[in-house]
Amino acid sequence: MTTKDTVSSSTNHFLSVSDVQKRIISDIKAVKGTEKIDLRQALGRVLAKDIIATFNTPPCDNSGMDGYAFKSTDINDQSTLTLKVAGQSFAGHPYKGEVAPGEAIRIMTGAQVPNGVDTIVMQEHTEKNDEQNVTITTIPKPYANVRKAGDDLKTGQTFLSKGKKLSPTDLAFLATQGIAEVSVSRKIRVAFFSTGDELRSIGETLNEGDIYDSNRYSLYGLLKNLDVEMIDMGVIPDDREAIEEAFITASELADTVITSGGVSVGEADFVKETLEKLGKINFWKISMKPGKPLAFGTIGNSLFFGLPGNPVAVIATFYQFVQPALKRMKGQDIVLPLTVKAKTTELLKKRPGRTDFQRGIMEQSDSGELTVKNAGTQASHVLTAMSRANCFIVIPAESSSIEVGEMVDVQPFEGLLS
Ligand code: AMP
Ligand code: MG
């Protein structure tokens, strides 16, 4: 009974991953400030204003086929139709005259449909008798193969909305409207540093008990993917003054400050004290593995994330909490990681308790089904499995081990599927 009580009271003040995501995201607003930039530079940036079509695209009726344009009123009950070839309309070289009944215009894909004709027959359904005449051997339906003006965009239509992250297609979409510059949210600035007396930067000598700081490199990569401005502040020792100074400098320089290490129970209390003195910080215990402790709040005008120190925990908590928060700050509308279902091909060991973010390898079987297996040793200091993995396997808190053949939730790493 004592054991049971202890378990339930300690799990009570653990927050679930989705609770923490909700708390963080609901607090965050898009940064103020926009900039007008060249269309090419706008790739991957977030639109700050709706974009409205100022003319129809396509601008005029044009042909969807290489063939002949003619009047649908020329279609009669005969199985073939012979017409007089009166001219040609090529892409960029329209036919300027009027077309009379019984006449056809040779036309190419994308070429303007001349005045007075409304139907196009594809070349393969015609026979050229001589220079003057063409016979349509398979008569199309009236209005066939004409791409109407405004098929894609109509004048006045909002075709890209504020908050849209601009894709390669969106650049093309903007180009169809002749738009050379767009307003996007300004880039957000993120400062980050690692804390720990044991940490050395690359290039320094490792003394006994030292390790190289690797978290600043995963953070660099994760932040680079989010296209933010980065301020790498290096390693800060476990020293009250140094930590305080680093927090102040970082919060003055950046919209968001991210640290790793120093937030778990048993760490020097001054990190907590310093943060509480400098800002409004929550110290959460999250029901997730890896990545139990997380500090979140504000220092001055900056958002603050204190991530755990273990290298895999940094990546897992970044993916679940920091990335959605930064996307929201960037003004993006879709922020949470994409989750899909996959069938396990291996036993996935787990004890009920916290939500597991296991490192997995997702594959597509020959039949198209998504399958997933364990990427290796699941320990929060082990980068080997994290490096092999292409997804997190998300196993709910209450769940125990997952048997072969069961379906599980999988979050493909950004860039793989989303
Ligand atoms: P901490 O949260 O500071 O107690 O750190 C937890 C574990 O993560 C310890 O084993 C640390 O040595 C390790 N660790 C903390 N920061 C880093 C870092 N920047 N790079 C690599 N390992 C780290
Ligand atoms: Mg530490």
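Every heavy atom of this structure was used, including side-chain atoms; hydrogens, water molecules and symmetry mates were not. Whatever order the structure lists them in is the order used to number ligands and atoms, beginning at 1. This is a predicted model, so every value here is computed, not measured. All residue numbers in this chain count up from 1 along the given sequence.
- Listed by number with element, the atoms of ligand 1 under 4.0 angstrom from any heavy atom of Gly262 are 1 (P), 2 (O), 3 (O).
- Of all atoms in ligand 1, numbered sequentially from 1 with element shown, those under 4.0 Å from a heavy atom of Asp213 are 18 (C), 19 (N), 20 (N).
- Within the 4.5 Å cutoff, the side chain of Ile202 has heavy atoms near those of the Tyr217 side chain.
- If you look at His381 next to ligand 1, there are no close heavy atoms at all, none under 4.0 Å.
- With a 4.0 Å cut-off on non-hydrogen atoms, Val235 does not touch ligand 1 at all.
- In this structure, Ser214 is part of the shell of residues with a heavy atom less than 4.0 angstrom from ligand 1.
- Between Gly309 and ligand 1, an N or O atom pair is found at a separation short of 3.5 Å.
- Using cut-offs of 30° and 60° on the angle between ring planes, the pair Phe304 and Phe247 is perpendicular.
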Test Leu336 against Gln320 for side chain to side chain contact (heavy atoms under 4.5 Å, CB included), laying out the working first.
CA-CA 7 Å; Leu336 287 178; Gln320 300 311 316; over 6 Å; no
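- Every residue two or more places apart in sequence or in another chain that forms a side chain to side chain contact (heavy atoms under 4.5 Å, CB included) with Glu181 is listed here: Lys36.
- Residue Ser194 approaches ligand 1 through these ligand atoms, each under 4.0 Å from one of its heavy atoms: 19 (N).
- On a distance-only criterion, Gly261 and ligand 1 share no N/O pair closer than 3.5 Å.
- Partners of Lys289 by side chain to side chain contact (heavy atoms under 4.5 Å, CB included), not counting sequence neighbours, listed by chain and number: Arg354, Asp356.
- A salt bridge does not link Lys343 to Glu406: none of the charged side-chain nitrogens sits closer than 4.0 Å to a carboxylate oxygen.
- Residue Val20 forms a side chain to side chain contact (heavy atoms under 4.5 Å, CB included) with just one option from Asn282, Ile286, Thr317, and that option is Ile286.
- Note: an N/O pair closer than 3.5 Å links Asn310 and ligand 1 by distance alone.
- Near Glu198, meaning under 4.0 Å from one of its heavy atoms, ligand 1 places the atoms 11 (C), 12 (O).
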